[in-house]
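See below for the structure under consideration.
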Amino acid sequence: MRIVEFVWKWFDEVTGVSGWLIPLAKHPVPHARRSAWFYVLGSATLLVFIVQIVTGIALASAYVPSAGQAYHTLAFISDTRFGHIVRGIHSFGASAMVILIGIHAIRVYLFGAYKYPRQMGWLTGVALLFLVLGMAFTGQLLRWDQTGFWSVVIAAEQAGRTPFIGNWLGHFILAGDTAGGATLSRFFALHVFFIPALIFFFIGFHLYLVVRNGISEPPKMGQPVDPKTYRRWYQDILHREGVPFWPDAAWRDAVFALIVIGIIVGLAVVVGPPALGKPPDPSILQASPRPEWYFLWYYAVLSLIPRWSENYVIIVGPAILIVVLVLLPLVAPKGERSPFKRPWAFGLVAVIVFMIAYYGTVGHVAPWSPRMDAPPLPVEVIGTANGPIADGAKVFRDKGCEFCHKISGYGGIRGPDLTYAGDQMTPEQMETRIYSGAPNMPSYNGNITQQQVSDLLAFLSSRRRRPATPLPLTSEAK
Amino acid sequence: MSEDPIHDSESSSLETDRRRFLSRLSIVAGSIAGAIVAIPSVAFLLGLRKVPHVWRTVGKLEDFQIGNTVKVAFLDPSPLPWSGVTARTAAWLRRETAQQFIAFSVDCTHLGCPVRWLPDANLFMCPCHGGVFYANGTVASGPPPKPLTRYPVRIQGGDVQILTSPLPITT
């Protein structure tokens with residue numbers, strides 16, 4: 001023990017660590033009372049980020065960022081017992097970071113903690129939010145399976161909608177004229193060096209600001225922020241009723257982080273990492289790329305907006321989001337912080353959370369995507385194995401109708417459900433639609449024979465509810 | 001007090017000029033040092049490799065039946081030693097007549113997903129947002145803003161060849 005004490009004394013004498021570390025750990029923070037558990041979200045985000053660094057370094061020690069080999073190295077990592085778990089932790093950790101930084105931002109917004117003097121805290125937080133989303137996107141792509149490969153192509157196509165520099169920007173993302181050898185290395189460098197470097201910088205700045213300006217006190221109604229008096233007032237409450245950060249507040253951060261990390265590791269062990277898809281071979285065209293859950297809402301929005309607005313929404317939508325988030329602390333630096341005095345803040349958060357959840361669910365279902373892997377209609381559904389109705393069912397399949405139209409639970413949902421088409425449309429109406437098409441349905445004019453149409457009409461007209469059988473009359477009904 | 005070179009209130013204007021010069025010298029020196037490192041690094045990142053358009057043989061003339069649309073796979077114009085399977089690329093190729101071919105990029109003009117050919121329906125369909133193209137590549141329905149991109153095709157000594165192109169990006 002004496003040797004430890006000796007070494008520590010020597011170390012402290014030559015570095016002066018205790019002179020700033022101990023006061024930093026014990027710096028007074030406001031007594032948060034009933035709101036105390038709301039203050040654990042930022043630290044939990046930070047701790048999950050550290051989990052990502054640890055597991056990321058472990059993965060990088062075996063991952064080969066080469067377009068031809070990355071997929072195989074991931075399969076290799078996944079096949080080892082702990083590699084499987086580490087990949088799982090990194091994947092669930094990514095989801096946890098997106099969730100935690102989102103809830104943290106909502107908490108800060110509802111508490112009005114972006115107001116004076118903490119505007120830069122909010123702005124550095126906004127930068128971190130977008131950097132975390134950047135990590136999430138580049139990370140799922142490094143899986144470099146079929147979906148990873150097509151994600152790059154889709155990202156390049158979206159960037160292509162930028163005015164003037166679109167084509168150049170799209171090819172910049174691909175790191176060349178085609179998606180290939182140089183593309184993956186570029187995203188690896190982004191995910192492992194460039195974005196993390198920015199995150200380190202902004203976390204450092206963010207934490208420095210938290211210490212310099214003090215953690216915000218829980219808002220009280222009727223206590224508006226006045227920049228002229230706020231700092232003195234804040235020092236007064238710290239002096240009156242502040243508690244040392246370590247351990248009075250920090251224990252909650254530690255306990256919450258343990259719960260979060262426990263859930264992440266538990267899911268990694270029980271559920272495991274996301275399965276690897278097909279290899280990233282661009283000549284395999286049986287591909288249906290889908291974004292990860294955190295971008296599903298955006299995928300849904302882009303799919304549902306009117307077509308003419310697409311170019312604007314792809315480019316202007318994210319830009320507006322950034323501008324709004326940046327302007328918030330600049331246009332509202334003072335005044336009431338309590339969300340009960342800012343009821344629209346609750347409303348706005350509710351709308352945003354609802355939209356993300358709703359469009360996320362819609363994006364998960366993706367009704368606009370044809371179900372190109374739908375199994376053919378079984379004979380029980382068709383109702384007969386031969387004759388015009390059976391031939392029509394084959395036409396329904398061969399012409400791709402089934403990929404977009406559902407019949408008795410089989411097929412896509414892009415177009416109307418045709419289970420009871422015979423009850424809803426006359427054969428003439430069906431024929432018109434088949435020949436003329438619609439904005440989301442191709443015209444089959446010239447693409448279908450008269451015989452095929454007549455079979456198809458026979459099949460569709462046979463899609464009816466069971467003809468109502470007359471109920472046997474009972475004695476009571478008489 | 002006059003011994004203190006920093007806090008000397010009577011320091012000459014010569015000393016002030018000297019310090020101002022040294023400040024500017026330091027800033028200029030740092031900026032030049034930064035620039036000579038940053039310029040080649042950024043230029044390297046921005047310098048897109050322009051790949052040549054090259055003719056790739058995708059099969060023998062007799063391999064293709066008139067009227068059939070088939071997927072052909074070939075090497076992209078810029079395969080790198082470490083590209084692996086990503087160096088491959090594909091196109092939809094149809095033999096129109098004995099001597100005439102037509103080739104389409106597999107990338108949907110909406111957001112680049114790979115379209116599939118439905119041989120019985122004579123349509124290309126995109127699995128992402130349900131874009132549909134007619135056999136001649138024009139838009140049949142759904143969100144694609146323009147027809148499928150075409151690749152030039154030629155017949156060279158019994159070989160069918162496709163002229164490779166950069167990934168078509170709809171702007």
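So you know, we letter chains A, B, ... as the sequences are listed, proteins then strands, and number each from 1.
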Apply side-chain contact (heavy atoms from CB on, under 4.5 Å) to the pair B/Leu118 and A/Met372, showing each step before the final yes or no.
CA-CA 10 Å; B/Leu118 308 180; A/Met372 302 189 72; 3.9 Å; yes
Checking A/Leu285 against B/Trp117 for the side-chain contact (heavy atoms from CB on, under 4.5 Å) test, could you report, in this order, the C-alpha distance in whole Å, the side-chain angles of both residues, the deciding distance, and whether it holds?
CA-CA 10 Å; A/Leu285 302 183; B/Trp117 171 247; over 6 Å; no
Verdict with supporting geometry, B/Thr86 and A/Asp281, side-chain contact (heavy atoms from CB on, under 4.5 Å)
CA-CA 5 Å; B/Thr86 61; A/Asp281 181 342; over 6 Å; no
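Counted by atom type alone, B/His110 and A/Glu157 present zero donor-acceptor pairs between their side chains at under 3.5 Å.
Scanning both residues, B/Gly112 and A/Val153, for their nearest heavy atoms gives O-CG1, 3.7 Å. Taking both residues in full, the closest heavy atoms of B/Ser78 and A/Thr178 are given as OG-OG1, 3.3 Å, listed atom of the first, atom of the second, then distance. Listed here is the closest heavy atom pair of B/Leu111 and A/Arg161: CD2-NH2, 4.3 Å. Listed here is the closest heavy atom pair of A/Ser283 and B/Thr89: CB-O, 3.8 Å.
Only the side chain of B/Tyr134 comes within less than 4.5 Å of a heavy atom in chain A; its backbone stays farther off. Residue A/Arg371 does not touch chain B at all, counting heavy-atom pairs closer than 4.5 Å. In this structure, chain A has a heavy atom under 4.5 Å from the backbone of B/Pro168, while its side chain stays farther away. If you measure heavy-atom distances from A/Leu184 to chain B, you find no contacts under 4.5 Å at all. Contact annotation for B/Asp76: only side-chain heavy atoms (C-beta onward) come within less than 4.5 Å of a heavy atom of chain A. For A/Trp168, the parts sitting under 4.5 Å from any heavy atom of chain B are the backbone and the side chain alike. With a threshold of 4.5 angstrom between heavy atoms, B/Val115 approaches chain A through N, CA, C or O but not through any side-chain atom. Looking at A/Phe403, the atoms closer than 4.5 Å to chain B (heavy atoms on both sides) all sit in the side chain, from C-beta outward. Only the backbone of B/Thr109 comes within contact range of chain A, with heavy atoms under 4.5 Å apart. Only the side chain of B/Leu80 comes within less than 4.5 Å of a heavy atom in chain A; its backbone stays farther off.
With contacts defined as side-chain heavy-atom distances shorter than 4.5 Å, the pair A/Pro289/B/Cys128 qualifies. Side-chain atoms of A/His171 and B/Pro166, non-hydrogen and from C-beta on, do get closer than 4.5 Å to each other. Contact annotation: the side chain of A/Trp150 never approaches that of B/Cys113 to less than 4.5 Å [non-hydrogen atoms, C-beta and beyond]. Counting heavy atoms from C-beta outward, B/Trp82 and A/Val64 have side chains that stay 4.5 Å or more apart.
Listed options A/Ala179, A/Ala159, A/Cys404, A/Ala67 were ranked by heavy-atom pairs under 4.5 angstrom with chain B; first place goes to A/Ala67. In terms of heavy-atom pairs under 4.5 Å with chain A, the best-connected choice from B/Val106, B/Thr170, B/Val132, B/Val139 is B/Thr170. Most heavy-atom pairs under 4.5 Å with chain B, from the set A/Ala287, A/Ser288, A/Gly176: that is A/Ala287. Counting heavy-atom pairs closer than 4.5 Å to chain B, the top-ranked of the candidates A/Pro163, A/Ser303, A/Ala438 is A/Ser303. For the set B/Pro77, B/Pro114, B/Ser83, B/Pro79, the count of heavy-atom pairs under 4.5 angstrom toward chain A peaks at B/Pro114. For the set A/Pro442, A/Gly68, A/Ala70, the count of heavy-atom pairs under 4.5 angstrom toward chain B peaks at A/Pro442. Put simply, of A/Tyr444, A/Phe149, A/Tyr71, A/Tyr299, the one with the most heavy-atom pairs under 4.5 Å next to chain B is A/Tyr299. Listed options B/Pro127, B/Ala140, B/Ala90 were ranked by heavy-atom pairs under 4.5 angstrom with chain A; first place goes to B/Pro127.
Atom CZ of A/Arg290 is surrounded by more than 12 heavy atoms from other residues, nucleotides or ligands within 6.0 Å. In this structure, B/Arg154 places its CZ atom where more than 12 heavy-atom neighbours from other residues, nucleotides or ligands lie under 6.0 Å away. Counted within 6.0 Å of NE2 on A/His364, heavy atoms from surrounding residues, nucleotides or ligands total 12 or fewer; the atom is thus considered open. No more than 12 heavy atoms of other residues, nucleotides or ligands lie within 6.0 Å of CD in B/Gln65, so this atom counts as exposed by the packing criterion. More than 12 heavy atoms of other shown residues, nucleotides or ligands fall within 6.0 angstrom of atom OH in A/Tyr435. Annotation for B/Lys71: atom NZ counts as buried by contact number, over 12 foreign heavy atoms lying within 6.0 Å.
Checking side-chain atoms of A/Asp177 against main-chain N and O of B/Leu167 turns up no donor-acceptor pair under 3.5 Å. Between the side chain of A/Arg307 and the main chain of B/Gly142, a donor-acceptor pair closer than 3.5 Å is present. At least one donor-acceptor pair under 3.5 Å links the side chain of A/Arg186 to the backbone N or O of B/Leu45.
Note that CD of A/Glu310 and NE2 of B/His129 are 7.5 Å apart. Values are rounded to the nearest 0.5 Å. With rounding to the nearest 0.5 angstrom, the CG atom of B/Asn122 is 11.0 Å from the CD1 atom of A/Ile448.
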